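Report on the structure given below.
This is a predicted model, so every value here is computed, not measured. We're numbering straight along the sequence, starting at 1. Order of listing sets the numbers, starting from 1, for every ligand and every atom in it.
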Amino acid sequence: MAKKRIQEGLTFDDVLLKPQYSQVDSRRQVSLKTKISPHITLNLPIISANMDTVTESAMAIAMARAGGLGIIHRFLPIEKEVEEVQKVKRAENFVVEEPFVVEPNFTLRKVKELSKKHDVQTFVVVNKERKVLGILTKRDYLFEKDETKLVKELMTPRSRLIVADRGTSLEKAQEIFKKNKVEKLPLVDKNDRLLGLITAKDILNHLNSLAVRDKKGRLMVGAAVGIKDDYLERAQELVKAEVDLLVVDVAHGHLDACLKAVQTLKKRFPHIDLMAGNVATKEGALDLKRAGADSIKVGVGGGSVCLTRIKTGAGVPQLSAVFETKKGAGETPIISDGGIRNSGDIVKALAAGASAVMVGMLLAGTDESPGEVINWNDKRVKIYRGMASFGAKMEREAKIKRSSGENFSMTDFVSEGADQVFIPYRGRVEEILSQLAGGIRSGFSYCGAKDLKELWQKAEFIKITGAGLRESGLHDVFLAN
Ligand code: XMP
């Protein structure tokens, strides 16, 4: 047998960043801007994982608003995944191109159903010719108990509405809101037919935020596809819905079939940014880049609910995976995916060469992740699970095979993820992201870096021992609660 050389692999806890001379006096001087693909620059280097307990539209909206990005998972029928992308695209745009409408004879019950289904509270009231008859906002029906009441009895009628034409600029809309003390501005043609809607809230969000937006001012969003079955059709529909980033998502991305899928997708949709993974080696990154990936997702087996390393023996400790893949990726951005537990880990991943991190566990316990908050042993928790877990796989197979009438068997399936774990309920994701951003900024400042480029140049790692690691955490004290 040929002599095998054993490489050393390090991860976050094996190292610290050396504090350095710094001219960064305040965390506010640090820019967290990062380019993750040709057309996407984030203001916060955090991406929420494409997992069914982490990212659907609510998470993606919150992530993009905070300056990061959400990737809608692919374990949904195509039309549902597209719908999630559309919800993000509609969430806030200075002009809502196709506002939700109701007819004057709809009952309040029907309006409430529509409100729940589409997650909106304002409806423009139109007739069959889309002529504007009024507007119905939450204030009009919030305290109304009689659900048989009709829209026309509750709405603010056209005679009391301020409207504007389609070409209304951002500045003009602000003026109208200020002068008339209104918050919604329907856009109409000369025959009063509805052409759009501007809301004061969207303008404020638009003006004051770190939000990551497309050219039309809508929030950006990514969506995952696989490499088999319906992946091309799925990608096609997502592109039609104007998704900003396609993410080829497979556990072992250095697979011939994955490289071929990346090539095909890049050829079919040359103008859409394409992220692909996961890989953990220089060769894997190089091959994905040559196949056409615009950014590369890095990480095999390091996620909090991953069992890949246990079940297969394969993987690379995450920090070494970032160092190695960076060598193959060169200028192509890499995203460190999995194993992030705190802002310190994020700074280390970035300092090693990543352009952003992808996180699951840290965000799974928030209001914005799919699933309910449940009580477990007097604690409030949410469920998190690996996408390669038995349960997740079984649910997918059951949906596909049942719809085609086939029987399915799981005997060949080897689970590489934890089925269901509980994550403490953590409230709004915005707060978690703001805490993480603060920690990252401080981390940059300790390294003397005012932005990512400087961090890459200046950061120096020190390998530590078990004793060093113990010293890094709380020690020799009792927690008061
Ligand atoms: P964290 O540590 O943030 O990791 O929870 C999220 C990442 O974990 C990966 N992932 C899996 N890996 N088996 C695996 O080996 C699984 O079932 C599984 N599900 C998710 C994925 O890369 C995700 O972004």
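Close contacts of ligand 1 with A49, meaning ligand atoms under 4.0 Å from a residue heavy atom, involve 24 (O). Of all the atoms in ligand 1, the ones that sit under 4.0 Å from a non-hydrogen atom of V359 are 3 (O). The E416 neighbourhood of ligand 1 comprises atoms 13 (N), 14 (C), 15 (O), 16 (C), 17 (O), with distances under 4.0 Å to a heavy atom of that residue. The G417 neighbourhood of ligand 1 comprises atoms 13 (N), 16 (C), 17 (O), with distances under 4.0 Å to a heavy atom of that residue. Numbered from 1 in the order shown, with element, the atoms of ligand 1 that lie under 4.0 Å from a heavy atom of G338 read 2 (O), 4 (O). Within ligand 1, counting atoms from 1 as listed, the ones closer than 4.0 Å to a heavy atom of D337 are 7 (C), 21 (C), 22 (O), 23 (C), 24 (O). For ligand 1, the atoms lying closer than 4.0 Å to a non-hydrogen atom of M361 are 1 (P), 3 (O), 5 (O). Proximity to S304 (heavy-atom distance under 4.0 Å) selects the following atoms of ligand 1: 1 (P), 2 (O), 4 (O), 5 (O).
Here the CG-CG distance, from N43 to L69, works out to 11.5 Å after rounding to the nearest 0.5 Å. Residue N342 holds its CG atom at 12.0 Å from CD of Q435, rounded to the nearest 0.5 Å. In this structure, the separation between CG on L76 and CD on E83 is 9.5 Å, given to the nearest 0.5 Å. Residue L232 holds its CG atom at 6.0 Å from CZ of F269, rounded to the nearest 0.5 Å.
Of all protein heavy atoms, the one lying nearest to atom 20 (C) of ligand 1 is M51 CE, 3.3 Å. Distance from atom 6 (C) of ligand 1 to its nearest protein heavy atom, with residue and atom name: Y384 OH, 3.7 Å. Among protein heavy atoms, the minimum distance from atom 18 (C) of ligand 1 is reached at M387 N, 3.5 Å. At the top of the distance list for atom 15 (O) of ligand 1, counting protein heavy atoms only, stands T308 OG1, 2.5 Å.
Under 4.0 Å is where a charged nitrogen must lie from a carboxylate oxygen, and between K266 and D294 at least one such pair does. The pair E81-R74 fails the salt-bridge criterion, with no side-chain N (NZ, NE, NH1 or NH2) lying under 4.0 Å from an Asp/Glu carboxylate O. Using a cut-off of 4.0 Å between Lys/Arg side-chain N and Asp/Glu carboxylate O, K89 and E97 are scored as not salt-bridged.
Compare A388, G360, A418, C306 by their heavy atoms: the one nearest to atom 8 (O) of ligand 1 is in C306.
Residue R385 does not touch ligand 1, judged by heavy-atom distances below 4.0 Å. Under 4.0 angstrom from ligand 1, the non-hydrogen atoms of N278 all belong to its side chain. With a heavy-atom cut-off of 4.0 Å, S389 touches ligand 1 through its backbone alone.
Cation-pi geometry between R90 and F100 is met: under 6.0 angstrom from the ring centre, within 45 degrees of the axis. Because its NZ or CZ atom is both nearer than 6.0 Å to the ring centre of W456 and within 45° of the ring axis, K326 counts as a cation-pi partner of that residue.
Contact analysis leaves A251 out of contact with ligand 1, as no non-hydrogen atom separation drops below 4.0 angstrom.
Side-chain N/O atoms of D14 and T11 include no donor and acceptor closer than 3.5 Å. Residues H39 and D273 bring a donor and an acceptor atom of their side chains to less than 3.5 Å of each other.
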